[in-house]
Engineer: 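The following block contains the structure, expressed as structure tokens.
These figures come from a predicted structure and were not determined experimentally. Numbers for residues simply follow the sequence, beginning at 1.
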Amino acid sequence: MKRLLIVFFLFAVVSHAGCSVFAAEKMNPKKVLEYTVGVADQVQNAFPEFAPSHFAMGYVYYRARKYEEAIEAFKKGLEYEPGKASIVQMVAFLYARLPDYENAVDWYQKTLRLDPGAPQANKRLGQALEKLNRMEEARDAFEAELKYNPTDASCHFYLGQRYFDEGRLDEARREAEAASKYNSLLPEPYYLLSKIYRQQGDQDAAKKMLETFREKKKEEEKYMDETVVEKTDQENANASAAAVHFDVASIYYQRNRLNESRFHFLKTLSFDPKSEEARFRLAQVYQDLEQPKKAETLFRELLTMNGEDHRYYLGLGLILASQKDWKNAHQALAKAHELNPDDNAVKRGLAKTFLYSSSKEGPQKAIELLESVVSSEPTAEAYDILSWAYYSHGDADLCLRSIRKAIDLDPNNPVYRQRYEKILSRVRKR
């Protein structure tokens with residue numbers, strides 16, 4: 001009887017939440033590729049000229065280590081969005097994995113033409129150039145990477161190697177020391193320092209660096225043995241299934257197909273129940289579907305999983321505000337503001353709760369928040385809320401000025417113009 005009561009209680013929790021407990025699914029590792037290709041194929045057929053649908057297929061093949069098929073899918077997507085630097089870089093990365101270093105170099109160079117500071121692009125270009133024995137070009141690439149990412153330890157090491165091979169020992173030493181400074185766990189810089197000191201005739205220093213290299217290598221191997229846990233085939237299969245559903249859900253959301261988006265985010269969570277991002281995105285879908293209770297449940301779950309992400313307090317606060325639960329909305333939004341005081345969405349939401357509070361200081365606090373918002377993000381919505389705050393504070397002139405700004409930014413909005421005329425009429429009657 002006790003067991004039955006526990007089961008009933010759990011069922012009640014699920015029923016109340018509507019989505020808080022997700023039915024766990026296991027993906028058959030032998031069928032994961034067929035399954036994930038099928039899911040991606042559906043959205044590709046739905047939006048054949050939408051680049052992200054092809055990118056989703058590319059990631060399916062990438063996760064399956066089908067690199068040639070992945071490249072083909074990514075290139076198809078680039079026909080519709082050729083300026084997507086992150087995907088161009090992904091193609092370069094996949095060519096390097098094949099390995100096809102000539103094409104990898106070509107595509108890394110394409111990446112850098114689109115985005116000269118693309119993360120890791122210059123470094124990986126340098127590594128590909130080394131494979132082709134184009135060492136001077138590789139050195140230039142490593143130097144370029146460090147201009148954008150001066151604390152990249154491995155890049156300092158690669159550049160140090162290039163300087164060493166060119167006989168530029170002092171510069172090589174400088175780069176090896178920088179590598180060990182920015183990542184003291186890396187063994188390789190100490191081996192390079194050993195070679196440099198030996199070339200410079202300092203045998204004692206060379207021996208010391210070689211001993212340090214060996215110690216660091218043992219520490220690295222111990223760390224790998226103790227902390228790196230290989231995923232099982234089942235875990236990898238579930239992760240692949242969750243990832244494709246997440247990508248497809250995001251595409252449907254971009255295309256305003258909310259029911260399909262909801263379905264695929266729910267499927268994501270069935271394969272990966274711990275995914276915070278899928279919960280967060282699903283909560284946004286429920287908000288757009290005007291199902292605030294389900295969204296609220298998800299945001300409360302997210303806060304139990306991670307109470308330091310201001311987005312979760314923001315989402316909860318906005319839902320509570322939409323239900324006119326101003327007290328609890330204020331508490332949630334105040335916490336979001338504490339965690340991220342620069343987020344304008346948080347400031348706008350918190351300002352509204354101040355305007356609905358019974359505090360005499362409420363309008364002034366709202367004004368302070370909203371003036372900060374319009375200084376960095378002068379939108380019609382922000383000026384509209386600010387006008388409301390000024391009116392609540394008793395400053396009709398500033399209220400009218402703010403509504404006028406809102407009208408200038410959104411001249412086709414009839415609500416702003418009606419409010420302007422209404423308040424102007426009141427002012428004139430005084």
Engineer: Which heavy atom in A141 sits nearest to a heavy atom in L129, and how many Å separate them?
Structural biologist: CB-CD1, 4.5 Å

Engineer: Can you tell me if Q203 has over 12 outside heavy atoms packed within less than 6.0 Å of its CD?
Structural biologist: yes

Engineer: Pair Y59, F74 - check ring pair (Phe, Tyr, Trp, His ring centres under 6.0 Å), show working.
Structural biologist: CA-CA 8 Å; Y59 281 113; F74 284 127; 5.0 Å; yes

Engineer: Counting only heavy atoms from other residues, nucleotides and ligands, does the tally under 6.0 Å from CD of E68 exceed 12?
Structural biologist: no

Engineer: Does R255 make a cation-pi contact with F50 (under 6.0 Å, within 45 degrees of the axis)?
Structural biologist: yes

Engineer: Any donor-acceptor pair under 3.5 Å linking the side-chain atoms of Y253 with those of D288?
Structural biologist: yes

Engineer: Can a side-chain donor-acceptor contact be found between E361 and S359 if the only test is distance below 3.5 angstrom?
Structural biologist: yes

Engineer: For T232, does its backbone N or O pair with a side-chain atom of E235 as donor and acceptor, under 3.5 Å?
Structural biologist: yes

Engineer: Counting neighbours of NZ on K216 that are heavy atoms of other residues, nucleotides or ligands and sit closer than 6.0 Å, is the number greater than 12?
Structural biologist: yes

Engineer: Should the heavy atoms of other residues, nucleotides or ligands under 6.0 Å from NZ of K110 be counted, would the total exceed 12?
Structural biologist: yes

Engineer: Would you say E301 and Y312 are linked by a side-chain donor-acceptor pair, where the criterion is simply a distance under 3.5 Å?
Structural biologist: no

Engineer: Keeping the roles fixed (side chain from S194, backbone from Y190), state whether a donor-acceptor pair exists under 3.5 Å.
Structural biologist: no

Engineer: So with a 6.0 Å cut-off around CD of Q291, is the heavy-atom count from everything else above 12?
Structural biologist: yes

Engineer: Would you please say whether a donor-acceptor pair under 3.5 Å links the side chains of T111 and Q89?
Structural biologist: no

Engineer: If you take all heavy atoms of A380 and D410, which pair is closest and at what distance?
Structural biologist: CB-CB, 3.7 Å

Engineer: Kindly compute the distance separating OH (Y101) from OH (Y95), expressed to the nearest 0.5 Å.
Structural biologist: 14.5 Å

Engineer: Check this for me: K75, atom NZ, are more than 12 non-hydrogen atoms of other residues, nucleotides or ligands nearer than 6.0 Å?
Structural biologist: yes

Engineer: Salt bridge (Lys or Arg N to Asp or Glu O under 4.0 Å) between K76 and E79: does it pass, once the steps are laid out?
Structural biologist: CA-CA 5 Å; K76 184 65 177 178; E79 292 178 14; 3.5 Å; yes

Engineer: Would you say the rings of H330 and F354 are close, in the sense that their centroids are separated by under 6.0 Å?
Structural biologist: yes

Engineer: Below 30° counts as parallel, above 60° as perpendicular, anything between as tilted: where do the rings of H245 and F271 land?
Structural biologist: parallel

Engineer: How long is the span from the CD1 atom in I251 to the CD atom in Q44, to the nearest 0.5 Å?
Structural biologist: 9.0 Å

Engineer: Where the side chain of S270 meets the backbone of A24, is there a donor-acceptor pair that is under 3.5 Å apart?
Structural biologist: no

Engineer: Would you name the heavy atoms of G58 and A70 that are closest together and state the gap between them?
Structural biologist: O-CB, 3.4 Å

Engineer: Using every non-hydrogen atom in the two residues, find where Y182 and T151 come nearest and quote the distance to one decimal.
Structural biologist: CB-O, 3.5 Å

Engineer: Once you round to the nearest 0.5 Å, how far does CD of Q120 lie from OH of Y148?
Structural biologist: 14.0 Å

Engineer: Does a side-chain N-to-carboxylate-O contact under 4.0 Å join E338 and K335?
Structural biologist: yes

Engineer: Can you tell whether the side chains of E377 and R348 come within less than 4.0 Å, N to carboxylate O?
Structural biologist: yes

Engineer: Can you tell whether the side chains of E69 and K66 come within less than 4.0 Å, N to carboxylate O?
Structural biologist: no

Engineer: Please determine which of E145, Q127, E188, K123 meets the side-chain hydrogen bond (donor to acceptor under 3.5 Å, both in side chains) test together with S154.
Structural biologist: K123

Engineer: Considering the options E175, E177, R174, K181, which one meets the side-chain hydrogen bond (donor to acceptor under 3.5 Å, both in side chains) requirement together with H156?
Structural biologist: E175

Engineer: Using only heavy-atom distances, determine whether the side chains of N238 and Q234 contain a donor-acceptor pair under 3.5 Å.
Structural biologist: yes

Engineer: For A351 and A366, which heavy atoms make the closest approach, and how far apart are they?
Structural biologist: O-CB, 3.6 Å

Engineer: E143 vs K147, test: salt bridge (Lys or Arg N to Asp or Glu O under 4.0 Å). Steps then yes/no.
Structural biologist: CA-CA 7 Å; E143 289 175 340; K147 290 178 182 177; over 6 Å; no

Engineer: Name the one of F246, F47, F263, F265 that satisfies ring-ring contact (aromatic ring centres under 6.0 Å, His included) with Y252?
Structural biologist: F47

Engineer: So how far is it from E221 CD to E226 CD, rounded to the nearest 0.5 Å?
Structural biologist: 12.0 Å

Engineer: If you take all heavy atoms of P52 and Q254, which pair is closest and at what distance?
Structural biologist: CG-OE1, 4.3 Å

Engineer: Taking atom CZ as the centre, does F93 end up with more than 12 heavy-atom neighbours from other residues, nucleotides or ligands that are less than 6.0 angstrom away?
Structural biologist: yes

Engineer: If you round to the nearest 0.5 Å, how far is CG of L186 from CZ of F157?
Structural biologist: 8.5 Å

Engineer: Could you check whether K195 makes a cation-pi contact with F164, meaning its NZ or CZ is under 6.0 Å from the centre of the six-membered ring and within 45° of the ring axis?
Structural biologist: yes

Engineer: Roughly how far apart are M27 CE and Y35 OH, rounded to 0.5 Å?
Structural biologist: 5.0 Å

Engineer: Please evaluate residues D165 and R162 with respect to the criterion salt bridge (Lys or Arg N to Asp or Glu O under 4.0 Å), reporting the C-alpha separation (whole Å), side-chain torsions for both, the decisive distance (0.1 Å), and the verdict.
Structural biologist: CA-CA 5 Å; D165 288 346; R162 297 278 57 76; 2.4 Å; yes

